[in-house]
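So the structure is just underneath, and the comments pick up after that.
Only this structure's heavy atoms are used, side chains among them; waters, hydrogens and symmetry mates stay out. Naming convention: chains lettered A, B, ... in sequence-line order (proteins, then strands); numbering from 1 in each chain.
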There are 2 protein chains.
Amino acid sequence: MTPQSGRSPVMADVARLAGVSHQTVSRVVNGHPNVRAETTARVQRAIDELGYHRNSTARALVTRRTNVLGVIAFDTTLFGPAQTLAGIERAAREAGYFLSIVSLDDVSPAGVAEAVDYLIQQSVEGCIAIAPQRALVRALAAVPGPRPLVAVEGGEGSGLPVVCVDQAQGAHDAVRHLIDLGHRTVHHISGDPEWLEAESRVAGWRRALEEAGAAAPEPLVGDWSPRSGYEMGRRLIQRRATGEEVTAVFVANDQMAIGLLRALGEAGLRVPDDISVVGFDDVPEAEFLAPPLTTVAQDFAQVGRVSLRVLLDELGAGERPAGEDAASGPPPAPRLIVPARLRVRQSSGPAPAPDPHR
Amino acid sequence: MTPQSGRSPVMADVARLAGVSHQTVSRVVNGHPNVRAETTARVQRAIDELGYHRNSTARALVTRRTNVLGVIAFDTTLFGPAQTLAGIERAAREAGYFLSIVSLDDVSPAGVAEAVDYLIQQSVEGCIAIAPQRALVRALAAVPGPRPLVAVEGGEGSGLPVVCVDQAQGAHDAVRHLIDLGHRTVHHISGDPEWLEAESRVAGWRRALEEAGAAAPEPLVGDWSPRSGYEMGRRLIQRRATGEEVTAVFVANDQMAIGLLRALGEAGLRVPDDISVVGFDDVPEAEFLAPPLTTVAQDFAQVGRVSLRVLLDELGAGERPAGEDAASGPPPAPRLIVPARLRVRQSSGPAPAPDPHR
DNA sequence: GCCAACATTGTTAGCGTTAACAGAACCGGC
DNA sequence: GCCGGTTCTGTTAACGCTAACAATGTTGGC
């Protein structure tokens with residue numbers, strides 16, 4: 001039988017054309033040694049002539065390895081998740097893995113279970129969850145989902161390996177920077193409290209104030225959106241109007257900082273002359289705001305690379321026979337932390353001279 | 001043989017536990033009719049007990065359908081592509097398809113060929129390319145890549161089905177809006193000229209000026225980044241200093257508009273009192289800039305939905321026997337256009353009174 | 001020239017599923 | 001009670017590939 005022109009060619013077609021067995025074709029395709037150079041060339045010619053591509057499905061079936069990794073994310077259009085995802089994607093491709101991505105619409109246990117199911121259906125070999133939310137981590141740890149599973153920004157106590165940016169340190173550096181500029185205290189507009197990142201940034205802010213012996217004002221709670229930054233900015237202006245000293249604000253992300261800048265501008269307050277503002281994320285436009293925003297940069301590409309490496313390590317560990325090194329017990333889930341870096345620009349400046357009205 | 005605790009269970013294990021043949025299990029799993037309710041229940045119990053999941057690889061091998069669609073994108077961290085991707089992802093999941101995504105680092109034929117190969121390796125059934133760049137479309141149309149293939153923002157003449165936002169109309173509306181406010185002409189900061197979107201927006205800008213009988217100043221060429229917006233803003237200010245009338249600027253995206261606002265602010269020019277600015281994209285922070293930015297919104301979710309539908313249509317068309325309707329010849333590649341919508345905010349206002357110095 | 005060792009190739013048997021066909025059990029009408 | 005037609009279930013054979021083994025050359029040392 002000649003190869004059907006309708007069907008795409010299979011190994012047997014190549015084998016027939018090259019005058020060898022299909023196994024020899026397999027050996028050539030997989031770069032096995034012990035194939036005569038002349039044979040390799042002949043097979044290669046046949047492959048080119050037919051436009052043959054190895055059927056990954058059949059290969060996966062017999063090798064029991066799909067080479068697919070899953071990624072669970074919440075909202076891939078947000079700056080952080082999008083960057084992290086891009087980092088993972090690049091690292092995965094370099095490592096020869098394919099990626100299957102699920103974006104969650106909500107973090108309910110049902111939604112998470114559905115997403116996990118979607119990935120299991122595809123026989124992913126392992127999974128990375130970009131899981132910055134408390135509820136998501138809970139749901140993931142509870143579901144008998146795909147393993148191994150690595151949590152990015154996952155928080156502790158989940159029993160999962162975690163890769164995260166040192167949010168608390170970044171926040172601490174930002175606040176410390178403001179205190180060094182002479183501000184007596186620093187206000188805070190936090191992110192959505194359901195997010196672990198919001199919590200870590202609050203913690204870093206609070207620690208820096210404590211270390212400086214400064215009182216921590218009640219934080220204003222936003223939800224990451226520019227709108228909430230704007231609204232919290234107006235509240236802050238109200239506070240100021242009642243006589244409270246407001247000379248510096250640490251905002252949990254750049255988008256909210258943009259909203260805050262808008263609110264301050266509307267109220268006729270100058271940045272940094274009247275109030276200093278520091279953001280978090282270092283979005284590309286931060287440098288071009290009015291004024292250019294002091295902020296904290298995260299190396300998302302590295303987070304992606306590291307989390308993939310952790311996942312591949314876990315995959316490798318799973319292959320080793322259990323109990324081989326039984327004396328040491330199961331190794332604890334690793335927790336890798338990527339540093340954050342302060343970028344000082346013009347939105348932060350020295351504290352203004354004390355208000356003569358007071 | 002009892003099911004090995006190491007291996008995950010297969011149909012045969014379920015069949016043994018339920019006391020039926022594996023084929024009956026298959027029927028239950030696939031929801032075939034003609035299975036007795038009592039049998040279905042027994043099989044379902046066995047499935048639950050063993051935690052059985054159908055092996056999608058084996059299924060794909062025999063059905064010759066992987067249920068995987070490929071997406072080729074250039075930079076998924078940019079606003080437009082990220083939104084489009086999210087739209088496609090959601091639509092694909094709803095349609096029961098999996099997605100495999102490749103982010104290109106460069107649009108060279110070699111890079112594109114590699115990406116295409118990556119998708120072919122995975123036996124994708126079809127492909128969507130988020131291909132806003134001229135070189136990318138060229139490379140894609142040339143490569144004997146995966147088919148069917150739908151191009152998002154792909155431009156014409158490629159012979160591929162295309163889904164795109166009506167960039168030219170959006171740009172036209174933006175410029176028209178400025179003219180209606182009394183501006184005698186509108187300057188333009190364009191995007192990277194390698195991008196088709198940049199070209200369409202230039203075309204829309206030019207047409208609106210022509211229709212109004214206004215002269216079109218030389219456009220300033222940016223590259224979408226806030227930095228280039230800033231730099232082109234400074235050039236614009238130079239033009240103004242030489243006596244050229246610059247009262248309104250249409251900027252090809254919001255990020256560059258942010259850079260422009262910064263440049264204008266530095267130069268002491270007020271928006272919109274001295275100069276009106278209109279952007280494109282309607283990023284979430286546009287509403288909270290100083291001043292809130294008039295811009296053009298694109299419905300990326302709809303682009304995602306529509307492009308998936310076009311792809312599925314093409315898939316369906318491929319299944320039908322060729323020549324069945326031979327008289328009409330092959331149907332032309334469809335070209336679907338999603339409208340864009342102007343969002344008027346405060347960065348655009350009436351033209352200032354003519355400069356008394358002139 | 002013979003044997004061991006190696007290099008090279010072919011043969012066979014799955015991987016876990018679905019499709020196609022083949023039986024078996026059951027139904028109502030005569 | 002027997003028949004045609006359902007309804008349900010089981011058997012067998014792919015899908016395209018790799019692993020394991022078997023069977024050939026091919027080489028080199030004596």
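- Under 4.0 angstrom from either OP1 or OP2 of D:dC17 there lies at least one side-chain N or O belonging to A:Tyr52.
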Table of protein N/O atoms under 3.5 Å from nucleotides 8-10 of chain D N/O atoms:
from   : atom 1 : to      : atom 2 : distance (Å)
D:dC8  : OP2    : B:Asn34 : OD1    : 3.4
D:dT9  : OP1    : B:Arg36 : NE     : 3.4
D:dT9  : OP1    : B:Thr39 : OG1    : 2.3
D:dT9  : OP2    : B:Arg36 : N      : 3.0
D:dG10 : OP2    : B:Ser21 : N      : 2.8
D:dG10 : OP2    : B:Ser21 : OG     : 3.3
D:dG10 : OP2    : B:Thr24 : OG1    : 2.9
D:dG10 : N7     : B:Arg27 : NH2    : 2.7
D:dG10 : O6     : B:Arg27 : NH1    : 3.4

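- With a 4.5 Å cut-off on side-chain heavy atoms, B:His53 and B:Ser8 do not count as touching.
- In B:Arg90, the CZ atom is not crowded: 12 or fewer heavy atoms of neighbouring residues, nucleotides or ligands sit closer than 6.0 Å.
- Taking atom CG of B:Leu61 as the reference point, atom C1' of D:dT18 lies 13 Å away to the nearest angstrom.
- Listed by first then second residue, pairs satisfying salt bridge (Lys or Arg N to Asp or Glu O under 4.0 Å) with a partner in residues 28-41 of chain A read A:Glu38-A:Arg42, not counting sequence neighbours.
- Nearest heavy atom pair, residue A:Val28 against residue A:Val35, reads CG2-CG1, 4.1 Å.
- Rounded to whole Å, the distance from CG on A:Asn30 to P on D:dG16 is 17 Å.
- Inter-residue side-chain proximity for A:Leu336 and A:Arg309 is flagged as met; some heavy-atom pair is nearer than 4.5 Å.
- Residue pairs that meet the side chain to side chain donor-acceptor pair (under 3.5 Å) test with at least one member in residues 109-125 of chain B, sequence neighbours left out, are A:Ser56-B:Ser123, B:Arg65-B:Glu125, B:Ser100-B:Gln122.
- Checking the phosphate oxygens (OP1, OP2) of D:dC15, no side-chain nitrogen or oxygen of B:Arg65 falls inside 4.0 Å.
- Contact annotation: the side chain of A:Cys164 never approaches that of A:Val152 to less than 4.5 Å [non-hydrogen atoms, C-beta and beyond].
- When the local axes at the two ends of the helix from C:dG1-D:dC30 to C:dC30-D:dG1 are compared, using 5 base pairs at each end, they differ in direction by 40° after rounding to 10°.
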Residues 67-78 of chain B, side-chain donor-acceptor partners within the protein, below 3.5 Å, at least two apart:
from    : atom 1 : to       : atom 2 : distance (Å)
B:Asp75 : OD1    : B:Thr77  : N      : 2.9
B:Asp75 : OD1    : B:Thr77  : OG1    : 2.7
B:Thr76 : OG1    : B:Ser103 : OG     : 3.4

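- Checking side-chain atoms of A:Asn30 against main-chain N and O of A:His32 turns up no donor-acceptor pair under 3.5 Å.
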Would A:Leu99 and B:Ile101 satisfy side chain to side chain contact (heavy atoms under 4.5 Å, CB included), going step by step from the backbone distance to the final call?
CA-CA 7 Å; A:Leu99 230 50; B:Ile101 296 159; over 6 Å; no
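- Nucleotides of DNA chain C with any atom under 4.0 Å from a heavy atom of chain A span, from 5' to 3', C:dT8 to C:dG16.
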